[in-house]
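Report on the following structure.
Please read these numbers as outputs of a predicted model, since none were measured by experiment.
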2 protein chains.
Amino acid sequence: MTYTAPLADIRFTLREVAGLGRVTNLPGYEHATEDTVDAILEEAAKFARAGIAPLNREGDRVGARLENGVVRTAPGFAAAYKEFVNAGWNSLPFDPEFGGQGMPWLLATTVQEMWQAGSLSFGLVMLLTQGAIDAIYHHGSAEQKATFLPRMISGEWTGTMNLTEPHAGSDLSQLKTRAVKNGDHYLITGQKIFITYGEHDMAENIVHLVLARTPDAEPGVRGISLFVVPKFLVKADGKLGHRNDLRCVSLEHKLGIHATPTCVMSYGDDGGATGYLIGEEGRGLSYMFTMMNNARLLVGIQGVAIAERAYQQAADFARARVQSKADGSADPKPVAIVQHPDVRRSLMTMRAKVEAMRALGYYVAAGIDSALKLPDREAAQRTQERVDLLIPIMKAWSTDLGNEIASIGLQIHGGMGFIEEAGAAQHLRDARILPIYEGTNGIQARDLVGRKLSKDGGEAMRHLIDDMWTLTDEMETCANEHIVAIRNGMMAAANVLGSATEWMANAAKADLQSALAGSMPFLKLAGAAIGGWLLAKGALAAHGKLLAGDGDLGFLEAKIITARFYMDVILPPELARLGPLKDAGHTVFALTENRF
Amino acid sequence: MTYTAPLADIRFTLREVAGLGRVTNLPGYEHATEDTVDAILEEAAKFARAGIAPLNREGDRVGARLENGVVRTAPGFAAAYKEFVNAGWNSLPFDPEFGGQGMPWLLATTVQEMWQAGSLSFGLVMLLTQGAIDAIYHHGSAEQKATFLPRMISGEWTGTMNLTEPHAGSDLSQLKTRAVKNGDHYLITGQKIFITYGEHDMAENIVHLVLARTPDAEPGVRGISLFVVPKFLVKADGKLGHRNDLRCVSLEHKLGIHATPTCVMSYGDDGGATGYLIGEEGRGLSYMFTMMNNARLLVGIQGVAIAERAYQQAADFARARVQSKADGSADPKPVAIVQHPDVRRSLMTMRAKVEAMRALGYYVAAGIDSALKLPDREAAQRTQERVDLLIPIMKAWSTDLGNEIASIGLQIHGGMGFIEEAGAAQHLRDARILPIYEGTNGIQARDLVGRKLSKDGGEAMRHLIDDMWTLTDEMETCANEHIVAIRNGMMAAANVLGSATEWMANAAKADLQSALAGSMPFLKLAGAAIGGWLLAKGALAAHGKLLAGDGDLGFLEAKIITARFYMDVILPPELARLGPLKDAGHTVFALTENRF
């Protein structure tokens, strides 16, 4: 039940699929040499395994607890977080001006996979802090940056994002929390729910970012502003001052991630919490969008992480559990269940999907770096468009798969899977939040079709499909039977994704509602096709290295076989969503509401 | 968060799909008149709603508890069970000779759907008791029947099935529990795990059926015998005597069905529990197989039940929750989320799958009645063969869908879905046991390909596919656009299932292990195709009734639209498992075990 970072596949995917070499050559990343990156990966793997993973099971059992207004995190969490901060892990991708290490987002994303696989509950504090850092970094004043960023980047202070209210979940236009100007600050009053790490005992201060409405603001989302509301006010000398007028009034009783305190936060019970406006009034939501790509990518990475952990546990179990003789064998001796065909197919399914998800996640992360740093701003812009297109796919496709894979992992355990002590069930419970938060997966599908595809009429997707065809050209001369089969799968994927894109781009113009009825089948098809493309890219690279005798031959062969399995077994049903995405509109709205 | 039995769909499916009229005309079912059946359905719906469903949430929260060797069931369970027994519900399908009502299994299965939807945790006691009744009824001695059946059929005494041991889950050949002859009985010693309702406070006696090995029995499954081991010995006058030497030593801490006591049972700590041999020594496993069809059907029905309950809850939530404006509308006013395209598609998906699962479940139950009672024994035999073929499909396909649908239901709740108080998460947790117990779904797929298809070379499936084509002939003259689309879907399903069957029947002969690598894709394809056939049958009947103006027009239209949605949106990816089921064997065994 532990976790070992799959360094071989991580390194291979970084180099051969995400293009680590191109990223570290970008201006500003000169210090991210191959040796540095390797050393960081090794150390992160050690900390994820020894420092974080052991907390996961007990964290689930004990959970976070609210006692007299104070949140006690699960056993070992506070100590592990201190160690995490002391080792400098939190500062990896941030601006050196404020104490960051200025490492590529690609590396930071890779390392995040390890933290999240160690424990989603523990890893969440970093995700939220990163979001808050991004918001202040991009939109805060010089004073706000100087006050908050160094301590947040070091991880000494953590951050939160306060969006949701009971009546305003996905629809932030309905927010009621109020912010009234009072000299150099605002007084914030209102209640926020689902605030991840809204209160805890792991850091000396918590920096809340709060969306609220000013008194005479226009209705809807344009009336919403963003405020920084620290738990303890910060004095001019940087020391902590008064406790702010905010508190955690309760913790949610959740299906999973029990060790993450999910708080109901009350602001201003004693007259108003002191908050500082970020940027301009009325632009709160647009500031939130700035950090959305990073946050959604990281949630997608959580999907990879939980899937990897579930896979490792299931594989260990399947090698150890002995039941029944081998099919088609005359020997009556029971064998390890890894030898049974459906268990083996299940493990291959987990493995192939994990590798595809990882490939897409790292590819997107590399895109974020390129979009930031490419000197050719036009190329940077095109990369940004591809990132914007892929973000909703990565978030939704990968988190749905995270759940599917956690469930397969549980199933491989048989009856033991249903018993909490075995730990397989926890992965399923923990994974179940991923398709919901940071925008439900339905909202991701809406974003993909209603915004991304509508904005450019499918142009960014067309460029991507061109790249898929380029790869099939590169594979054409290879006679290896696996590569031939993989290329055939790729061609089917490129064809079908092309048809789906043209149909959907037109449909979104002609009848948005009807097009959106097929938005989720479209997203799933796109995720599966693009994931397949990146696996094919890896397989071709592995084949080249095999021919050159360069690397661990067993590992390289496994990359090729896994990609072939993906094309043969995983891809066909996904590509068959082409009919459904077109036809859903015929019947989805045909029943009246009260028929359901 | 309550449950209302969907009587309109239940009645329609009974009559138009499962052929209730043909079943009640079978010799021996004369008393099951249409009026009687209707009255039973009405009363069962009331009891499920008012007597069982309200226990479900609190049962999950409190769970069953072991205190000083006594299991306290969850609040209200004991009282509800007493009411259930007093109303005579338990005796519905059993032989009147022992106090049963001799009603068709079709009706009993339908009513079981309601109990299980009310609460899986509560409903499980009936499933296990029914299995124990079946075993004693078919294989017990006259004395055993007279001693145990009347009280078990009334429900005053409950039953259990003791198969699993820690090292012997799916592989019963490894059982170690011992039974040593001692005069007119045997002394049983050993430990059994995962014993559902192994101990509880709802009945005055518990009749355990225990698989054990006699001292000089041959190794493997042929050395296993079946014993009836009552908690309290029964005296000659039928009164309860001594407490037997058996006890519940612990309860499992499970992901779901918290209110079901899942016991570790210890037999013979004080020298040996008194057990009575059922039938002959060495035939225990074959006796178990007798009742397996009924038990697996009922687990499939649990899949229908939890899916229906999740669907009802999600539909209620989607009608009540107001978030965001309607897509493509100029009106900025937020609307109920049931109006959002992806939520609507999700609800249609739940609905269409629930109706297909219910149709298959009732169809199989009707087959069990026909196989039992048809005077034409050759026709009865053919029906039995179809039942045998469909049982693993119903069990695995329906329980996988139960999980999928519970997960969609949770997703529709957004953030609230992850909070336990909302109740959506419980359905997912409860549903997760269904693909595991009564033979994991992987074992069902193995049974389908390795036994059922291998035994007759695919003949029973061919007959079924012939019936699919017969229906497409019947639909041919209908010009209604929905019926035309449904017929097209049906033809694709019949074609693909035909190809899959021929391929798989040959492959199972040529290379069993490789064929089994595709057994699960084959099972899923078959379930989806056959479910679609039965929906099409219902749609054609609904169309006929619409033309005749016979019935609730809105309901009949909805049946047709839902079937069309199934063909357009659900079926295509499932039929696309044809490639995967053939190709899985290429790569499933290509990696060495230690690569995973």
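Side-chain contact check for B/H253 versus A/E421: some heavy-atom pair is nearer than 4.5 Å. Under the 4.5 Å side-chain criterion, counting only non-hydrogen atoms from C-beta, A/F596 is in contact with B/M348. Taking the side chain as every heavy atom from C-beta outward, B/T440 and A/Q411 approach each other to under 4.5 Å. Residues B/L410 and A/I436 form a side-chain contact, since some pair of their non-hydrogen atoms from C-beta on lies under 4.5 Å apart. Counting heavy atoms from C-beta on, the side chains of B/F418 and A/T262 never come closer than 4.5 Å. Side-chain contact between A/Q174 and B/Q323 is present, with heavy atoms from C-beta onward closer than 4.5 Å. For the pair A/R344 and B/E593, the minimum side-chain heavy-atom distance is below 4.5 Å. Side-chain contact between A/R429 and B/R429 is present, with heavy atoms from C-beta onward closer than 4.5 Å.
Comparing B/G220, B/S407, B/S170 by heavy-atom pairs within less than 4.5 Å of chain A, the highest count is held by B/S407. No other option in B/I433, B/T349, B/L512, B/I337 has as many heavy-atom pairs under 4.5 Å with chain A as B/I433. Note on A/A515, A/G450, A/A326, A/P435: by heavy-atom pairs under 4.5 Å with chain B, the leading option is A/P435. Most heavy-atom pairs under 4.5 Å with chain A, from the set B/Q312, B/H482, B/R319, B/M350: that is B/R319. Between chain A and the options B/M416, B/R321, B/E557, the largest number of non-hydrogen pairs under 4.5 Å is found for B/R321. Contact count against chain B (heavy-atom pairs under 4.5 Å) is highest for A/G415 among A/G415, A/G579, A/A584, A/A425. Comparing A/G256, A/G417, A/P521, A/A445 by how many heavy-atom pairs each has under 4.5 Å with chain B, the most go to A/G256. Residue with the most contacts toward chain B among A/S324, A/A318, A/A315, A/G442: A/S324 (heavy-atom pairs, distance under 4.5 Å). With chain B as the partner, the residue from A/L516, A/N441, A/I570 showing the most heavy-atom pairs under 4.5 Å is A/L516. Note on A/S346, A/G414, A/G328: by heavy-atom pairs under 4.5 Å with chain B, the leading option is A/G414. Contacts with chain A were tallied for B/L591, B/T164, B/V338, B/T592; B/L591 has the most, counting heavy-atom pairs under 4.5 Å. In terms of heavy-atom pairs under 4.5 angstrom with chain A, the leader among B/G554, B/A576, B/P341 is B/P341.
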Show your working on side-chain contact (heavy atoms from CB on, under 4.5 Å) between B/R432 and A/L428 and close with a plain yes or no.
CA-CA 10 Å; B/R432 196 60 192 80; A/L428 182 63; 3.9 Å; yes
A/D9/B/R595 under salt bridge (charged side-chain N to carboxylate O under 4.0 Å, His left out): CA gap, chis, key distance, verdict
CA-CA 12 Å; A/D9 197 58; B/R595 266 293 148 207; over 6 Å; no
Test side-chain contact (heavy atoms from CB on, under 4.5 Å) applied to A/E420 and B/L255, step by step
CA-CA 6 Å; A/E420 288 287 1; B/L255 173 62; 3.6 Å; yes
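Contacts of B/R351 with chain A are made by side-chain atoms alone, with heavy-atom separations under 4.5 Å and no backbone atom involved. Of the atoms belonging to B/P166, it is backbone heavy atoms, and not side-chain ones, that fall under 4.5 Å from chain A. At a 4.5 Å heavy-atom cutoff, A/D511 makes no contact with chain B through either its backbone or its side chain. Contact of B/F555 with chain A is made through backbone and side chain together, with heavy-atom distances under 4.5 Å. Contact of A/F589 with chain B is made through backbone and side chain together, with heavy-atom distances under 4.5 Å. In this structure, no portion of B/H413 lies under 4.5 Å from any heavy atom of chain A. No part of A/A485 comes within reach of chain B, as not one of its non-hydrogen atoms sits under 4.5 angstrom from that chain.
Remark: B/S173 engages B/D171 in a side-chain hydrogen bond (donor to acceptor under 3.5 Å, both in side chains) (not counting sequence neighbours). Scored by the ring pair (Phe, Tyr, Trp, His ring centres under 6.0 Å) test, B/H340 finds no partners at all (sequence neighbours excluded).
Among residues 560-569 of chain A, the residues having any heavy atom closer than 4.5 Å to a heavy atom of chain B are, in sequence order, A/I561, A/T562, A/R564, A/F565, A/D568, A/V569.
Heavy atoms only, all atoms of each residue included: B/K254 and A/I419 are closest at CG-CD1, 4.1 Å. B/Q339 approaches A/Q513 most closely through the heavy-atom pair O-NE2, 3.9 Å.
Side-chain contact, B/S519 with A/R345: no donor N or O sits under 3.5 Å from an acceptor N or O.
Note on residues 572-583 of chain B: pairs passing side chain to side chain donor-acceptor pair (under 3.5 Å), not counting sequence neighbours, are B/E574-B/R577.
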